[in-house]
Protein chains: 2
Amino acid sequence: MTNIHDIARLSGYSVSTVSRVINHQKYVADDKRAKVEKIMHDLDYVPNRLARDLSKGRTKTIGVVLPYANHPYFARVVDGIVMAAFEAGYKITLLPTNYDMTVERQYLDQLRSKAYDALIFTSRSSQLETLERYRKYGQIVCCEDPGDDRPLAAAYTDRLGSFVSALNWAKQSGYEKMGVVLSRNNVISASTRMTRQAYERVYGHLEDRDLFTGAVKYEDGYRAGAYFAKLTPAVDAVFANGDDIAAGVHQYYLDHQLTPLPVIGQENLLSSRLLKFSTIDHHLEALGQAAFRLATAQSTTHELIKSDFIKR
Amino acid sequence: MTNIHDIARLSGYSVSTVSRVINHQKYVADDKRAKVEKIMHDLDYVPNRLARDLSKGRTKTIGVVLPYANHPYFARVVDGIVMAAFEAGYKITLLPTNYDMTVERQYLDQLRSKAYDALIFTSRSSQLETLERYRKYGQIVCCEDPGDDRPLAAAYTDRLGSFVSALNWAKQSGYEKMGVVLSRNNVISASTRMTRQAYERVYGHLEDRDLFTGAVKYEDGYRAGAYFAKLTPAVDAVFANGDDIAAGVHQYYLDHQLTPLPVIGQENLLSSRLLKFSTIDHHLEALGQAAFRLATAQSTTHELIKSDFIKR
DNA sequence: GGTTGACCTGGTACCGGTTTCATAAATTAT
DNA sequence: ATAATTTATGAAACCGGTACCAGGTCAACC
């Protein structure tokens, strides 16, 4: 493989000069520049990116931590990140965790090892304190509100506000008893925390029996539908953590000739449009774009993306 | 930033020994190994990945070329790739092209510059010849059948076979006139080529007026629905290049109180299950996994993933 | 007792670039 | 005419590792 020294030797100039030509810097005589460029072209030479990155100490690569790739939420966020990164000439590496803290830690160590300039956590299993400890090795962006006193950059949607809007609307629509579907029932998940908080604000204490957890996709929603269909006292409507999950709940009732249960979903996916139920659009592409911007900045700014409640 | 030389100096041993400790090689005395490990730990040392990769000449990173990230087809393929890569300790970088050949060329040049060990083309705009020319700089996998005599690795679904099955079923079901929806109406797209081929085999010549092109998402399908609703002579059914697009066609007819038009989609997405129309499951995750395996091998093997036609 | 081979260690070239610094010539300013 | 810049170029250190090779110790084997 031909390298910069070969070009230097063959052209008769120094590597410094060749480097200047490669990087389009000034202070190279026109004739020499032309000659070096010709030789580079003739030898089919391309500078080695690794050597460059090592020398410069940055990779122009950002790692995106997510549980798994094939989920509408993450797909939309990633799309926003990838688009913004493309515009800015950055590369995006996907880092799946499957919610494994150990794996997350490995990615944080890769940040330490300079494999990425920054990490974006679209979801996390580790404590925020853990992320903060790695802050000194590179920029870290998380996609939730980490609280004011935390030295982390953050881009997040207005979960609490939009959840409260949605639930208020549900209450005013006459749904007295509201069921809830969540993914992870733990305190790490911002979505879970905000849902509970909004629920308490609007409906008061959330009874365990009105809550179905462990739902990440349509089939889980279908199972949730089966659960709620048998529940007494019955719920009047269900607030789910995603449109496809809400669609599952809805479809279970349809498939079993029950009176359709009103559902509220999230993300404004195709399923909510097809089945015409209300949803919250979190503008996840915008979230991704914001997250990318923060990843390339060095601040610890927080950026709020407004969500829209879509009544159907 | 502390490096291997610091560790060597502070421990009193050579960089060779430290390197051996880092890489868990034998031929290091236990006491020295312990001392070096302690110093590495105390100094919070992590070896620099870039330096390592440069020295080794490989990155354990694979670039995945796709038009854009937020599309169910690519999301599923990428998911398969990412999972397989995770298992194998590889990293995946997403390379969006927006169908721009110039951008594709840039990614090929990045392969040349050793930024990736391999490239997977889930879609392409360039000619196959172009990809072949870059084969010598690294492994290249494409997700379509490149033909037997081409020196490219390939993983692809049985498009032609499954399309013929689907269209045969449609014909036998009494749909005499079949409309078709496609994305790109050019010869580069394997999906387009195979659809036309299957159509000719089952229905004969595809009339231009029975073809709607430029469809990549639901809204496009809806527009296609509007087109077919006005078409005379009308079509009896529509074969679309994706479930969400088929859903759009279907939904247009529903929304306008027309007799629902039978549609056949692809990918077995949620929309086809909700609206209960037939579809083809191309097992895209399996496709992604196969593509990854080929990317890390050095062969130019072809791998066919069987598709399933799902009648509904 | 000498040869063999496993074990241990360090020196150093190498991967392929960037960047600082020194030097000198050509311009420009005073 | 001289001082101060600007332009042009190369030598060499540096980024932070890996890997080959040489050299030395020590037990086993013939």
Side-chain angles (χ1 to χ4, degrees), chain A residues 1-37 39-40 43-61 91 109-117 137-138, chain B residues 1-37 39-40 43-61 89 109-117 137-138:
Chain A
M1 197 84 308
T2 121
N3 61 31
I4 197 173
H5 296 94
D6 297 333
I7 306 294
R9 188 163 27 77
L10 284 160
S11 65
Y13 307 125
S14 70
V15 289
S16 318
T17 299
V18 177
S19 177
R20 284 187 197 99
V21 172
I22 292 171
N23 294 289
H24 305 100
Q25 292 173 2
K26 46 184 205 169
Y27 301 148
V28 177
D30 288 348
D31 55 334
K32 304 199 176 177
R33 188 184 295 273
K35 181 167 181 189
V36 169
E37 274 170 349
I39 292 177
M40 292 197 301
L43 287 196
D44 199 32
Y45 166 77
V46 171
N48 181 301
R49 175 153 310 259
L50 290 163
R52 232 167 166 164
D53 287 348
L54 171 62
S55 191
K56 296 214 168 196
R58 60 125 186 67
T59 57
K60 285 218 158 196
T61 300
K91 284 176 298 202
D109 281 326
Q110 290 178 9
L111 177 69
R112 256 198 334 162
S113 77
K114 299 285 169 198
Y116 319 110
D117 293 349
Y137 305 115
Chain B
M1 197 85 307
T2 119
N3 61 31
I4 197 173
H5 295 93
D6 297 333
I7 306 294
R9 188 162 27 77
L10 283 159
S11 64
Y13 307 126
S14 68
V15 288
S16 315
T17 300
V18 176
S19 179
R20 284 186 199 102
V21 173
I22 292 170
N23 294 291
H24 306 101
Q25 292 172 3
K26 48 184 203 169
Y27 300 149
V28 178
D30 289 348
D31 55 335
K32 306 197 176 177
R33 187 184 294 271
K35 183 169 179 187
V36 169
E37 273 171 349
I39 292 178
M40 294 198 298
L43 289 196
D44 199 32
Y45 166 78
V46 172
N48 182 302
R49 175 154 311 259
L50 290 164
R52 237 169 163 161
D53 286 347
L54 171 61
S55 189
K56 295 213 168 195
R58 59 122 186 70
T59 58
K60 285 215 158 199
T61 300
D109 280 327
Q110 290 177 10
L111 178 68
R112 256 198 335 162
S113 77
K114 298 286 170 197
Y116 319 110
D117 292 350
Y137 305 115

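Each chain gets a letter, A, B and so on, in the order its sequence line appears, and its residues count up from 1.
Put simply, NZ on A:Lys56 is 16 Å from P on D:dG16, counting in whole angstrom units. Between B:Lys114 atom NZ and C:dC15 atom C1' there is a gap of 12 Å when expressed in whole angstrom units. Between the CD1 atom of A:Ile7 and the C1' atom of C:dT18 there is a distance of 16 Å, given to the nearest Å. Between A:Tyr45 atom OH and C:dG16 atom P there is a gap of 9 Å when expressed in whole angstrom units. Counting to the nearest Å, the P atom of C:dT18 and the CD1 atom of A:Ile4 are 5 Å from each other. A:Tyr13 has its OH atom 20 Å from the P atom of D:dA12, to the nearest Å. In this structure, the CG atom of A:Leu54 is 9 Å from the P atom of D:dG17, given to the nearest Å. When rounded to the nearest whole Å, the span between NE2 of B:His5 and P of D:dG17 equals 8 Å.
Donor-acceptor pairing under 3.5 Å, judged by distance alone, is absent between the side chain of B:Ser19 and the base of D:dA19. Scanning atom types as modelled, one donor and one acceptor separated by under 3.5 angstrom connect the side chain of B:Ser16 and the base of C:dG11.
Residue contacts for A:Lys32: at a heavy-atom cut-off of 4.0 Å it reaches the sugar-phosphate backbone alone, with no base atom in range. Across all strands, B:Asn23 comes closer than 4.0 Å only to sugar-phosphate atoms, never to a base (heavy-atom distances). Nucleic acid contact class of A:Val46 (heavy atoms, under 4.0 Å, all strands): sugar-phosphate only. Residue contacts shown for A:Arg20 include a base, since a base heavy atom lies under 4.0 Å away.
Taking 4.5 Å as the limit, every side-chain heavy atom of B:Tyr137 sits out of range of all side-chain heavy atoms of B:Lys114.
Here the closest heavy-atom approach between residue A:Thr2 and residue A:Leu43 is recorded as CG2-O, 3.9 Å. Between B:Leu111 and B:Tyr116 the shortest heavy-atom distance is CD1-O, 3.5 Å. Between A:Pro47 and A:Arg52, the shortest heavy-atom contact is CG-NH1, 3.3 Å.
OP1 or OP2 of D:dG10 has at least one side-chain nitrogen or oxygen of A:Ser14 nearer than 4.0 Å. For D:dT7, the OP1/OP2 oxygens have a side-chain nitrogen or oxygen of A:Tyr27 closer than 4.0 Å.
A donor-acceptor pair under 3.5 Å links the side-chain atoms of B:Asp117 to the main chain of B:Thr59, judged by distance alone.
With C:dT9, C:dG17, D:dT18 as the choices, the nucleotide that has an atom nearest any side-chain atom of B:Ala29 turns out to be C:dT9. Nearest nucleotide to the side chain of A:Thr17, out of D:dT9, D:dT18, C:dG17: D:dT9. The side chain of A:Asn48 lies closest to C:dG17 when the candidates are C:dT18, C:dC15, C:dG17. Among D:dT18, D:dT7, C:dG17, the nucleotide with an atom closest to any side-chain atom of A:Lys26 is D:dT7. The side chain of B:Asn3 approaches D:dG16 more closely than any other nucleotide in the set C:dC7, C:dT18, D:dG16.
Map B:Val15 and B:Ala51 each onto its nearest nucleotide of DNA chain C; the residue landing nearer the 5' end is B:Val15.
Side-chain contact of B:Arg112 with A:Asn48: a donor-acceptor pair under 3.5 Å is absent, judged by distance alone.
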